[in-house]
Amino acid sequence: LSPVCLGSLRRAASINAEYMGATNELVTSCLRYLTSVVGQPWNKPLFSKQGVLPLVCEKIIAPHIALRDTDIESYEMSGEDYVRLMLDTRNGGGRRQMVCEFVQELCKDFEAEISMWLRKYSEKLMEEYSKNPYVR
């Protein structure tokens with residue numbers, strides 16, 4: 001997996017909230033593409049390289065599962081509508097659904113590694129939260 005591809009996805013993920021609609025579509029398309037790449041057996045060596053899986057977990061998977069400020073605001077305005085929107089898969093899936101499909105595809109060949117890196121990243125986030133639970 002080229003550093004250019006990972007860098008492009010990371011930059012797309014960090015665009016300001018004012019561009020969030022277009023960014024979600026871009027990220028969803030990128031995740032759909034990565035899921036198809038991971039699913040091809042001849043691409044397994046791309047993800048087997050040293051340092052690729054931790055980078056994928058930290059820079060691609062975790063940020064797209066995390067709640068954004070806009071998610072929290074939407075939930076606070078109408079929790080029922082927010083949950084309904086998150087569960088609605090008629091439009092081909094949002095970024096969270098696509099990242100979950102990406103993780104499922106990765107786990108077919110790298111379950112132990114993905115589980116380990118996501119657990120480490122979760123522990124890091126919990127540690128940060130325990131230091132200051134009032135900061136998002």
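Not measured: the values here are computed from a predicted model.
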Using a 6.0 Å cut-off, check whether atom [atom1] of [X] has over 12 heavy atoms from anything other than its own residue.
X	atom1	value
Tyr82	OH	yes
Glu80	CD	no
Glu111	CD	no

ILVMFWY network linking Ile65 to Met98, side-chain heavy atoms under 4.5 angstrom: yes
Same apolar cluster: Met116 and Val99, side chain cutoff 4.5 Å: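 Met116 clusters together with Val99.
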For the student: nearest non-hydrogen atoms of Glu105 and Gly39, plus distance: OE2-CA, 3.2 Å
Atom of Cys57, atom of Pro63 and distance for their closest heavy-atom approach: O-CD, 4.3 Å
Evaluation steps, side chain to side chain contact (heavy atoms under 4.5 Å, CB included), between Ile60 and Leu31: CA-CA 9 Å; Ile60 297 174; Leu31 287 166; 3.7 Å; yes
Using a 4.5 Å cut-off on heavy atoms from C-beta on, say whether the side chain of [Y] contacts that of [X].
X	Y	value
Tyr33	Cys30	no
Phe110	Leu53	yes
Trp117	Val56	no
Tyr121	Ile61	no
Thr35	Leu106	no

Interatomic distance, [X] atom [atom1] to [Y] atom [atom2] [nearest 0.5 angstrom]:
X	Y	atom1	atom2	result
Lys108	Lys44	NZ	NZ	13.0 Å
Phe102	Ser36	CZ	OG	10.0 Å
Ile114	Cys107	CD1	SG	6.0 Å
Thr28	His64	OG1	NE2	9.0 Å

Check: Ser115 side chain, Ala112 main-chain N or O, donor-acceptor pair, under 3.5 Å: no
Side-chain (Asn43) to main-chain (Val38) donor-acceptor, under 3.5 angstrom: no
Cationic N near anionic O, under 4.0 Å, Glu127 to Lys124: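 Judged by the 4.0 Å cut-off on N to carboxylate O distance, Glu127 and Lys124 do not form a salt bridge.
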